[in-house]
Amino acid sequence: MLEIDNNSIIICDKHSKLQLLKNIKKLVSVKIMSMSEFISSYYFDYDEKSIIYLINKYGIKYEVAKEYLANLIYIEDKTYNIEKLDFLVSIKRELIENNLLIFNSRFKNFIKGKNIIIYNYNLSKFEKHLLKDIDYKEIKPIQNNYTPVIYEFEDIEEEVEFIARSISKLINDKVDINKIKLTNVSDDYINIITKIFNFYNLKIDKFNNIPVMSNIIGTTFLNNLDLGIEKAIESISSYDRTDTYNTIINICNKYIWCDNEKDLKTLIEYDLKHTYIKNPKYTNMIEVVDYKSYSFTDEYVFMLGFNQGIIPKIYKDEDYISDNIKPSYMDSTIEKNTFEKISTISAIKNIKNLTITYKLKTPFSIFYPSNLIDDLTPPIKGKIDYSTSYSDIDDEITLANDLDELIKFGKTSDTLELLNSNYDIPYNTYSHRFTGLSIEKLRDCIKKQKSFNLSYTLMDNYNRCAFRFYIDKILCLSTLDDNFGITLGNLYHHTLEKLVKSDIDIESTVNDYIKDNDIVLTNSNRFFVNRAIDNLKYLKDILEKQNSFSKLKKCETEKFVKIPLKDNINFVGFIDKIVYDNIKDKTIAAIIDYKTYVKKPSLKYIDSGIGLQLPVYMYLSSYLYKNINFAGFYLQNITLDNKSDEEKEKSLKLIGYTNTDKEILENFDSNYMESSVIDGIKINKDGNFSSSSLKRMLSNDEIDGVIKTVREKIDETLDNVLDSKFDINPKIDKENIGCEFCKYRDLCFKKAYDFKSIKGNKRFDEDE
Ligand code: SF4
């Protein structure tokens with residue numbers, strides 16, 4: 001161990017620092033720093049004020065601003081004649097001018113005359129360049145040359161099970177658990193280690209830190225942040241004695257200097273997503289350590305995941321400053337990889353009792369052994385010895401797997417006989433069926449969801465498959481889909497909503513939407529946005545043309561309607577677009593829903609409560625406007641990509657159901673005989689609608705009947721929900737209607753006998 005003299009500065013990593021502090025036996029004047037602390041003190045540092053400045057100045061995301069700042073250390077104050085580097089130079093100058101880089105003016109004086117020691121640390125080429133004017137000494141502990149044992153396993157479960165058994169054996173042999181370490185534990189091992197180690201009653205230290213956002217306190221706070229900090233804090237005040245609450249308050253206090261609500265939200269949001277609640281460090285647990293910085297002596301170390309791509313870490317030429325523009329003092333990708341390989345091998349050879357393992361596959365990917373094996377020792381095929389049992393439950397699971405192999409594929413494993421003669425397991429007795437939920441528990445669950453309402457989507461889900469609804473709304477397991485397709489759809493809806501209300505400039509409306517919603521566009525996203533702008537400009541002209549045939553001059557878009565049902569439960573929905581007017585003593589209206597995909601609306605499954613989006617909008621509208629008559633209800637496909645102008649105009653025709661009452665229809669489309677607005681209306685020579693048109697037309701009585709059925713289906717669905725009826729019952733006709741777009745295929749284990757046959761209503765079945 002390093003002898004520490006007075007008047008020293010020691011640069012080392014966190015673990016070496018702890019080891020050094022433990023071994024200091026006398027009072028000495030010494031400062032121990034990490035390499036990054038030393039460099040930022042010697043050169044410059046930045047903080048959240050610098051980040052916020054860049055976000056606001058350049059309209060970039062938090063992460064991008066951080067990346068620019070992290071790259072400033074590579075930049076000298078000169079012209080490189082390379083766009084990216086000169087951009088960084090200009091940012092650096094700008095930050096300095098605005099006092100947004102932090103310079104420690106006393107540090108250079110402070111280190112004068114000190115013994116600067118770089119301890120147990122491998123300097124990169126760039127770090128050597130940064131330290132070129134400093135007089136320092138490098139000291140490394142003695143390098144050993146131990147040979148590890150390497151085991152190969154077929155899959156990740158077998159690999160982790162082997163380690164759990166090896167650790168159990170060590171503990172059985174009276175090895176102190178504090179002497180057992182895991183290393184190289186990547187994220188894909190966490191769940192599997194947690195599961196298998198639990199079977200062996202082994203507890204791991206590393207997995208105790210919990211992300212702030214992983215519990216209800218963090219998510220509630222974040223969800224309320226838009227209302228302001230005070231309101232967000234108030235929303236979690238009932239948790240005020242918890243660690244999460246205190247961590248959140250500490251984050252808020254950190255930004256007391258920030259008086260801009262939007263900036264404050266950006267800073268707090270980032271911290272919330274990157275902060276962990278540190279649980280106390282316990283002894284008698286298996287510790288996960290970093291093999292490169294931990295000073296091993298006689299510990300038993302298990303290095304997992306010795307696979308190519310994981311160890312050694314492989315750098316790719318994808319840094320902001322790429323190889324082709326890197327100044328010569330920076331490490332190229334090849335140099336970084338060579339450095340990584342050498343330092344990894346020397347760290348491995350320094351560990352006395354090291355067992356290395358790797359897998360050839362996980363349920364999701366195929367893996368290859370690390371190429372470092374060539375520099376170490378040939379691997380041994382790993383085999384688990386079941387003759388000694390360390391976990392009954394794990395042995396029983398292995399037996400169940402063996403029985404699966406035997407019954408499904410006729411294969412007998414080496415362990416089957418041994419395990420089968422020792423365990424009696426309830427093999428193949430599992431039932432996937434919904435076993436029921438008591439009405440009290442259901443009510444309790446409804447009460448906990450402050451606003452438990454029914455909507456078109458939920459009703460549709462329930463009627464397609466009750467279990468689908470149960471997972472979504474009662475267990476609340478649905479995840480929020482967040483992709484650019486959804487953003488683009490929202491952008492279309494927002495612009496169209498503005499468009500029908502006033503004459504707007506499409507381009508600036510779209511750009512304002514992107515700015516107001518902090519949407520960061522990649523180059524390919526920008527392409528789609530530009531295409532959307534062109535489409536929306538075209539749409540504007542066509543919508544104006546279509547409107548010219550209509551006498552219905554009033555319009556509501558995204559209209560929210562809430563209808564009380566029972567037990568404080570409401571039916572809620574947003575009507576996409578309703579055009580209407582008061583004509584004589586009636587309200588004449590038409591419903592239009594914009595879609596970014598083509599699907600003909602159909603009332604075929606009305607009796608089963610499926611596919612009723614447009615009828616639901618009529619039901620909601622009839623609650624809003626008294627004495628209402630509908631001219632029709634339609635979808636309008638607003639995707640115009642890759643179409644000629646003629647095809648575009650045709651595809652923008654309204655697709656849906658139309659009222660046969662010509663007097664009502666004329667108010668909405670005075671040109672209906674030409675079918676220029678509504679798709680598929682044909683008139684016979686005798687002036688009547690053709691029989692093919694009539695398949696998609698309804699009388700006033702039939703429309704009333706549709707609305708009445710909607711109400712009946714809503715009541716029926718709610719009664720079934722409140723009676724806790726959540727069987728797996730996907731509906732099937734000629735096709736599987738129930739499971740269409742269902743996200744829960746992996747967890748319901750449906751069988752053929754679960755399907756429930758339904759028949760389409762003949763009146764609306766266009767195939768009949
Ligand atoms: S996949 Fe089908 S059966 Fe399974 S939950 Fe979804 S709808 Fe129901």
Side-chain angles (χ1 to χ4, degrees), residues 191 363-364 404 408 428-439 441-446 448-449 452-483 485-486 489 569 571-573 595 597-616 709-710 712-761 764-765 767:
N191 286 341
F364 311 106
D404 271 352
K408 288 185 186 156
N428 222 359
T429 54
Y430 167 75
S431 166
H432 71 295
R433 285 201 152 128
F434 178 67
T435 48
L437 173 70
S438 75
I439 306 250
K441 275 199 180 142
L442 176 78
R443 302 268 158 157
D444 200 38
C445 170
I446 289 177
K448 277 189 192 139
Q449 299 183 30
F452 185 96
N453 292 322
L454 208 55
S455 66
Y456 153 68
T457 314
L458 289 169
M459 176 170 84
D460 194 66
N461 264 355
Y462 184 90
N463 291 316
R464 282 177 193 269
C465 169
F467 193 65
R468 178 172 172 171
F469 175 97
Y470 173 69
I471 302 171
D472 228 18
K473 187 68 180 165
I474 307 296
L475 298 183
C476 300
L477 292 183
S478 68
T479 50
L480 192 64
D481 291 330
D482 185 15
N483 58 46
I486 294 173
I569 296 172
F571 190 83
V572 293
K595 286 277 179 253
Y597 60 87
V598 195
K599 186 155 192 209
K600 236 183 185 182
S602 170
L603 294 173
K604 189 172 169 185
Y605 296 113
I606 183 169
D607 303 325
S608 305
I610 294 173
L612 300 185
Q613 185 180 22
L614 294 170
V616 160
T709 308
V710 168
E712 284 165 8
K713 292 295 149 194
I714 291 172
D715 290 340
E716 200 179 294
T717 307
L718 184 59
D719 286 345
N720 285 336
V721 169
L722 294 177
D723 284 347
S724 202
K725 292 182 181 167
F726 300 117
D727 283 338
I728 301 173
N729 57 4
K731 307 302 177 308
I732 189 163
D733 185 6
K734 285 168 196 147
E735 301 170 354
N736 178 354
I737 302 151
C739 306
E740 195 180 24
F741 305 124
C742 180
K743 294 184 275 184
Y744 307 117
R745 287 159 195 264
D746 290 342
L747 56 88
C748 68
F749 295 98
K750 65 176 180 291
K751 299 271 182 291
Y753 55 74
D754 291 318
F755 282 95
K756 197 166 168 238
S757 277
I758 54 168
K759 287 274 159 269
N761 183 314
F764 303 113
D765 192 345
D767 302 332

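Indexing begins at 1, ligand by ligand and atom by atom, following the structure's order.
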Atoms of ligand 1, numbered as shown, that sit under 4.0 Å from any heavy atom of [X]:
X	answer
Ile728	3 (S)
Arg468	7 (S)
Gly738	7 (S)
Pro730	3 (S)

Residue and atom name of the nearest protein heavy atom (relative to atom 6 (Fe) of ligand 1), distance in Å to one decimal: Cys742 SG, 2.3 Å

Distance to 0.1 Å, residue and atom name: give those for the protein heavy atom nearest to atom 2 (Fe) of ligand 1. Cys739 SG, 2.3 Å

With rounding to the nearest 0.5 Å, note down the distance linking CE in Met459 to CG in Asp715. 10.0 Å

Atom pair NZ/OH of Lys713 and Tyr605 - distance to nearest 0.5 Å: 14.5 Å

Counting only N and O atoms by type, is there a donor-acceptor contact under 3.5 Å from the side chain of Arg745 to the main-chain atoms of Cys739? yes

Given 3.5 Å as the limit, does a donor-acceptor pair link the side chain of Arg464 with the main chain of Ile737, or not? yes

Counting backbone and side chain alike, does Cys465 bring an N/O/S atom below 2.8 Å of atom 8 (Fe) of ligand 1? yes

Look at the aromatic rings of Phe452 and Phe469 and report parallel, tilted or perpendicular, splitting at 30° and 60°. perpendicular

Applying a strict 4.0 Å limit to heavy atoms, is Arg464 in contact with ligand 1? no

Atom 4 (Fe) of ligand 1 contact by Cys748, N, O or S atom under 2.8 Å: yes

Going by the 4.0 angstrom heavy-atom rule, the piece of Arg745 near ligand 1 is both

One pair to check against salt bridge (Lys or Arg N to Asp or Glu O under 4.0 Å): Lys759 and Asp733. What are the steps and the verdict? CA-CA 6 Å; Lys759 287 274 159 269; Asp733 185 6; 3.7 Å; yes

Cation-pi geometry met for Lys750 and Phe755 (6.0 Å, 45°): no

